Amino acid sequence: MFYRIEKDCIEETNMENWEQGQAGVALFTQKEWEKEMDIRATYLLNQRQDNIHFCKLEIHLNYLFGTVHIPVKKEHDKNLGFAFYLMKGKLIFIDDTGLVQANIKKILAQKQRKGYALEIFFYDFMVSLIDEDLIYLASLEREITIMEESMVEDEIKDFNYRMLQLKKEVSRLYRYYCQLADLGGNLFENEMEFLEKKNARIFRTFTDRALRLQEETQVLREYAMQVQDVYQSEIGIRQNNVMKILTIVTTVFLPLTLIAGWYGMNFTYMPELQWVYGYPVAIGASILVVVTSLLIFKKKKFL
């Protein structure tokens with residue numbers, strides 16, 4: 001698909017008009033692009049396309065080559081990727097996922113502003129990749145908050161598994177925004193001047209947005225770690241309470257064990273064994289020990 005940018009607007013066109021126009025955007029699938037390139041160039045492209053694992057921008061003599069690796073929201077193991085070539089007046093996308101075409105349609109549906117140019121289109125396109133990410137980060141924050149409240153109310157299940165998934169999601173978003181910020185910074189610097197100087201400054205705004213998202217994800221990472229630390233502390237407190245109860249029970253019954261062991265020796269000349277009140281006295285002594293121990297524990301605020 002081909003688009004030309006003229007008279008402050010972008011519209012779909014054919015390949016001939018695209019090549020003749022001063023500014024234009026082209027979208028190819030990998031197979032379509034292979035038909036446009038010679039065998040050597042196709043080989044190089046395949047090597048690059050198969051290794052899209054992060055966002056980057058390579059500066060070459062006659063063009064800029066970039067890849068964008070986008071984590072799919074709520075699908076931890078799924079990512080989308082595409083490549084692009086940027087030359088003076090021309091922007092070429094190579095994409096098999098349908099993501100680029102969907103975002104271009106969004107831009108076409110918008111009202112273009114005065115002085116619309118290729119650089120502004122590329123800015124609009126890059127912004128469309130992160131346009132709703134702040135809302136998604138807010139939903140992740142709410143999920144962590146719900147987990148924190150459930151932990152306090154002792155109603156949470158599978159805490160460690162859920163928190164691990166959240167931390168993995170936040171971490172991969174953090175890396176994504178770091179890479180986007182670097183890519184935007186390179187476009188803003190416009191080292192080889194493939195972009196018009198007056199329009200290249202707009203990528204400073206994109207870089208700032210990516211950095212703000214990076215900061216938000218960093219805050220989420222710290223928040224998740226704090227909640228996990230609180231959870232571990234809560235587990236420790238509960239274990240301490242259990243050990244406290246076990247210690248109290250052991251302390252209460254230790255004297256009773258001594259009494260039972262003492263009178264279980266059954267020596268012939270133990271006077272208590274022949275005494276008519278020996279059994280009731282042993283019971284009374286046991287009760288007295290238990291009551292006295294509980295009173296001491298209560299006074300010391302162990303209960």
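Bear in mind the structure is a predicted one, so any value in this text is a computation, not a measurement. Residue indices begin at 1 and follow the sequence shown.
- The salt bridge (charged side-chain N to carboxylate O under 4.0 Å, His left out) test applied to Glu143 returns no partner, not counting sequence neighbours.
- Residues Met243, Leu246 make up the rest of the hydrophobic cluster containing Val242, defined by ILVMFWY side-chain heavy atoms closer than 4.5 Å, directly or through other members.
- Remark: Ile92 CD1 to Leu86 CG distance equals 9.5 Å, nearest 0.5 Å.
- To the nearest 0.5 Å, atoms CG (Leu173) and CZ (Arg221) are separated by 11.0 Å.
- Partners of Ser128 according to the side-chain hydrogen bond (donor to acceptor under 3.5 Å, both in side chains) rule, which considers only residues two or more places apart in sequence or in another chain, are Asn103.
- Scanning all heavy atoms of the two residues, the minimum distance from Pro71 to Asn79 falls at CA-OD1, 3.2 Å.
- Residues satisfying the side-chain contact (heavy atoms from CB on, under 4.5 Å) test with Arg175, not counting sequence neighbours, are Ser171, Arg172, Gln179.
- Pairs passing the ring-ring contact (aromatic ring centres under 6.0 Å, His included) check and including a residue from residues 118-146, sequence neighbours excluded, read Phe82-Phe125, Phe84-Phe122, Phe93-Phe125, Phe122-Phe203.
- Counting only heavy atoms from C-beta outward, the side chains of Glu148 and Ile144 never approach each other to under 4.5 Å.
- Heavy-atom neighbours of Phe2 CZ from other residues, nucleotides or ligands within 6.0 Å: above the threshold of 12.
- Rounding to the nearest 0.5 angstrom, the gap separating the CG atom in Leu180 from the OG1 atom in Thr207 is 9.5 Å.
- Side-chain atoms of Asn17 and Tyr3 include no donor-acceptor pair closer than 3.5 Å.
- Side-chain N/O atoms of Tyr176 and Gln214 include no donor and acceptor closer than 3.5 Å.
- Counted within 6.0 Å of CE on Met225, heavy atoms from surrounding residues, nucleotides or ligands total 12 or fewer; the atom is thus considered open.
- From Gln101, atom CD reaches atom CG of Leu108 across 10.0 Å, with rounding to the nearest 0.5 Å.
- Within the 4.5 Å cutoff, the side chain of Leu129 has heavy atoms near those of the Leu99 side chain.
- Within the 4.5 Å cutoff, the side chain of Ile59 has no heavy atoms near those of the Asn186 side chain.
- Considering only residues two or more places apart in sequence or on other chains, Arg212 meets the salt bridge (charged side-chain N to carboxylate O under 4.0 Å, His left out) condition with none of them.
- Residues satisfying the side-chain hydrogen bond (donor to acceptor under 3.5 Å, both in side chains) test with Lys88, not counting sequence neighbours, are none.
- Residues forming a salt bridge (charged side-chain N to carboxylate O under 4.0 Å, His left out) with Glu215 (at least two apart in sequence, or on another chain): none.
- Nearest heavy atoms, Ile259 versus Val289: CD1-CG2, 4.4 Å.
- Looking at residues two or more places apart in sequence or on another chain, you find a side-chain hydrogen bond (donor to acceptor under 3.5 Å, both in side chains) between Thr97 and Asp95.
- Val227 places a side-chain heavy atom less than 4.5 Å from the side chain of Met163.
- When side chains are defined from C-beta on, Tyr231 counts as touching Asn160, because their heavy atoms get closer than 4.5 Å.
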### Task
In sequence, state the C-alpha distance, the side-chain angles, and the governing distance for Tyr85 and Asn62, and then conclude on side chain to side chain donor-acceptor pair (under 3.5 Å).
CA-CA 10 Å; Tyr85 287 92; Asn62 298 319; over 6 Å; no
### Task
Please assess Thr67 against Glu58 for the test side-chain contact (heavy atoms from CB on, under 4.5 Å), listing each intermediate value before the final yes or no.
CA-CA 9 Å; Thr67 60; Glu58 297 178 359; over 6 Å; no
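- Between Ala181 and Leu211, the closest heavy-atom pair is CB-CD2, 3.6 Å.
- Using a 4.0 Å cut-off between charged side-chain N and carboxylate O, Lys167 and Glu169 make no salt bridge.
- Scored by the side-chain hydrogen bond (donor to acceptor under 3.5 Å, both in side chains) test, Glu222 finds Gln218 as partners (sequence neighbours excluded).
- The distance from the CG atom of Asp182 to the CG atom of Leu57 is 10.5 Å, given to the nearest 0.5 Å.
- For the salt bridge (Lys or Arg N to Asp or Glu O under 4.0 Å) condition, the pairs that include at least one residue of residues 128-142, sequence neighbours left out, are Lys73-Asp133, Asp131-Arg209.
- Judged by distance alone, the side chain of Ser293 and the main-chain N or O of Val252 form no donor-acceptor pair under 3.5 Å.
- Minimum interatomic distance between Gly24 and Leu118 (heavy atoms only, all atoms of both residues): O-CD1, 3.7 Å.
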### Message
side chain to side chain donor-acceptor pair (under 3.5 Å), that's the test. Do Tyr177 and Glu216 meet it? Break it down for me.
### Response
CA-CA 10 Å; Tyr177 296 135; Glu216 288 292 329; over 6 Å; no
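- To the nearest 0.5 Å, atom CZ of residue Arg201 and atom CG of residue Leu187 are 15.5 Å apart.
- The salt bridge (charged side-chain N to carboxylate O under 4.0 Å, His left out) check on Arg204 picks up Asp208, with sequence neighbours excluded.
- At a threshold of 4.5 Å between non-hydrogen side-chain atoms, the residues Thr29 and Ile94 do not count as touching.
- Nearest approach of Glu32 to Leu27, heavy atoms of both residues: OE1-O, 4.1 Å.
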